[in-house]
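The residues of the chain are indexed from 1 along the displayed sequence. Start at 1 and go down the list; that is how both ligands and their atoms are numbered.
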Amino acid sequence: MHKDNHRERLHTSVAHDPYDARHHGSIHIPIYQTSLFSFDTYERFTQAHANEQQRHVYSRGNNPTVRYLEDKLAELEGAEMSKCFASGMAAISSTILSNVKAGDHVVCIDQAYGPTRHFLQHYVARFQVETTFVDGRSIEAIETALRPNTKLLYLESPSTMLFQLQDLAACAALARSRGIVTVIDGTWATPVFQRPLALGIDLVVHSITKYISGQSDSMGGVVSGSKELVGRIAEGEYMMLGGIMTAHTAAQVERGLRTLPLRLERHERSGLKVAEHLLRQPYVLRVNHPGLPSHPQHELATRQMDGTSGLFSFESAESHETMRAWADRLRYFKIGVSWGGFESLVSANPTSEDHGVPGARSLVRLHIGLESPDDLIRDLDEAWAQTSASEASAAAGRSGQ
Ligand code: PLP
């Protein structure tokens with residue numbers, strides 16, 4: 001299907017549900033605030049228990065409000081099945097655990113979300129599962145890292161500090177030829193801009209906390225894929241580890257989901273406008289945004305994604321302290337972790353020596369929210385004018401002493 005048609009149709013998918021007589025035609029699925037479901041006969045109870053993924057027995061397994069959200073997300077992702085969790089990390093850790101056992105090997109990209117890397121390197125390692133971290137931009141590096149006992153290839157594309165991509169179709173084909181399960185963290189692109197299952201990836205995880213919720217008021221995660229792989233997680237880690245999504249959270253996320261494509265179109269437009277402005281600023285050495293033609297993987301980005309969201313970074317020759325002082329002066333960008341909500345955010349970090357562009361001393365990540373991009377640009381410019389003036393007067397003071 002043409003990319004633009006697909007994007008247009010998503011607006012209908014999130015807004016429309018078939019008439020549901022069980023709920024008197026209610027426009028929203030009711031919040032099933034219950035821990036258990038009761039039965040009028042023991043026989044019906046036994047039948048439901050034997051098929052807990054389809055029937056409702058206990059909310060740690062299958063709650064109707066959560067199931068409604070899962071079905072909606074599966075539709076957007078083009079998946080047979082989705083399972084929602086209490087957080088992105090609950091979805092990620094359960095998905096990893098479901099696919100490894102003692103003696104197995106995992107290949108993971110070196111730019112994956114920090115706690116995911118930590119989970120593989122320090123937690124899963126306690127159970128004799130070894131992980132090799134590789135530069136995901138290179139399919140050769142991934143292939144070289146594979147071993148006869150590799151069971152899982154873990155991707156995150158784009159990554160969310162340096163915005164590096166993996167070639168998803170190539171990774172999927174390689175892994176499939178060796179019987180290796182592929183998982184991708186697709187949080188940045190959401191199902192609106194990227195559908196990895198159509199490219200051959202086995203499982204997609206998202207932190208719902210970010211764009212899917214979009215309101216910065218709820219936490220959640222989701223894994224989507226085949227009935228076989230997601231069903232195994234649902235019956236195993238979902239039930240055993242208990243990191244479940246509650247009915248209230250599912251209802252809250254459903255509200256956010258209704259406007260996901262609408263919000264993302266604005267995040268995309270505003271993000272690109274601010275990124276293009278930054279390209280011309282004296283304090284910016286390089287902008288890491290896959291939607292910019294200057295991004296080294298821009299061609300791959302346009303090939304495997306339908307659009308770009310509002311989170312990107314830039315590298316600066318200015319010190320970490322200077323960029324922190326600049327961030328302090330911003331009016332509209334709040335200082336904080338996370339992203340994907342209506343609000344713009346900034347975080348300034350020292351660059352890691354392995355990845356920075358030559359001369360870079362700091363890496364600044366911006367989330368472009370739903371405010372006017374012109375206000376945001378003015379904010380960035382004014383904060384820089386004040387910061388550079390204050391640096392210049394401090395330098396003059398030092399040289400005058
Ligand atoms: N994946 C990415 C790319 C993230 O940025 C985050 C959180 O920041 C997560 C996963 C984890 O999600 P959560 O905080 O919902 O557990």
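At a 3.5 angstrom cut-off on N or O pairs, Thr160 does not count as close to ligand 1. Polar contact with ligand 1: present for Gly88 (N/O pair, distance under 3.5 Å). The shortest N or O to N or O distance between Met89 and ligand 1 is below 3.5 Å.
Regarding atom 7 (C) of ligand 1, its nearest protein heavy-atom neighbour is Lys210 NZ, 2.7 Å. In terms of protein heavy-atom proximity, atom 12 (O) of ligand 1 is nearest to Ser207 OG, 3.0 Å. The nearest protein atom to atom 15 (O) of ligand 1, hydrogens excluded, is given as Thr209 OG1, 2.6 Å; this is a heavy-atom distance. Looking only at heavy atoms of the protein, atom 9 (C) of ligand 1 is closest to Tyr113 CE2, 3.4 Å. From the protein, the heavy atom lying nearest to atom 10 (C) of ligand 1 is Asp185 OD2, 3.4 Å.
Here Ile208 has no heavy atoms under 4.0 Å from ligand 1, in either its backbone or its side chain. At a heavy-atom cutoff of 4.0 Å, ligand 1 is contacted by no atom of Trp188, backbone or side chain.
Applying side-chain hydrogen bond (donor to acceptor under 3.5 Å, both in side chains) to Asn288 and the options Ser159, Ser313, Ser294 leaves one that passes, Ser313.
A donor-acceptor pair under 3.5 Å is absent between the side-chain atoms of Arg147 and the main chain of His105, judged by distance alone.
Counting non-hydrogen atoms of neighbouring residues, nucleotides and ligands closer than 6.0 angstrom, the CZ atom of Arg232 exceeds 12 such neighbours. In His122, the NE2 atom is crowded: over 12 heavy atoms of neighbouring residues, nucleotides or ligands sit closer than 6.0 Å.
Between His206 and ligand 1 there is no heavy-atom distance shorter than 4.0 Å. Residue contacts with ligand 1 include Gly220, since one or more of its heavy atoms lies under 4.0 Å from the ligand. Not a single heavy atom of Val337 lies less than 4.0 angstrom from ligand 1.
For ligand 1, the atoms closer than 4.0 angstrom to any heavy atom of Met219 are 14 (O), 15 (O). Taking a cut-off of under 4.0 Å to the non-hydrogen atoms of Trp339, the atoms of ligand 1 that pass are 5 (O). Atom numbering of ligand 1 starts at 1 in the shown order; those under 4.0 Å from a heavy atom of Ile92 are 10 (C).
Centroid-to-centroid, the aromatic rings of His267 and His367 come within less than 6.0 Å.
In this structure, Arg60 has no salt bridge (Lys or Arg N to Asp or Glu O under 4.0 Å) partners at least two apart in sequence or on a different chain. In this structure Ala189 satisfies the side chain to side chain contact (heavy atoms under 4.5 Å, CB included) test together with Phe193, Gln194, Met305, sequence neighbours excluded.
Note on ring orientation: taking the six-membered ring where Trp is involved, the planes of Phe85 and Tyr238 are perpendicular (angle over 60°, cut-offs 30° and 60°). Using a 30° and 60° split on the angle between ring planes, Phe119 and Tyr123 fall in the parallel class, below 30°.
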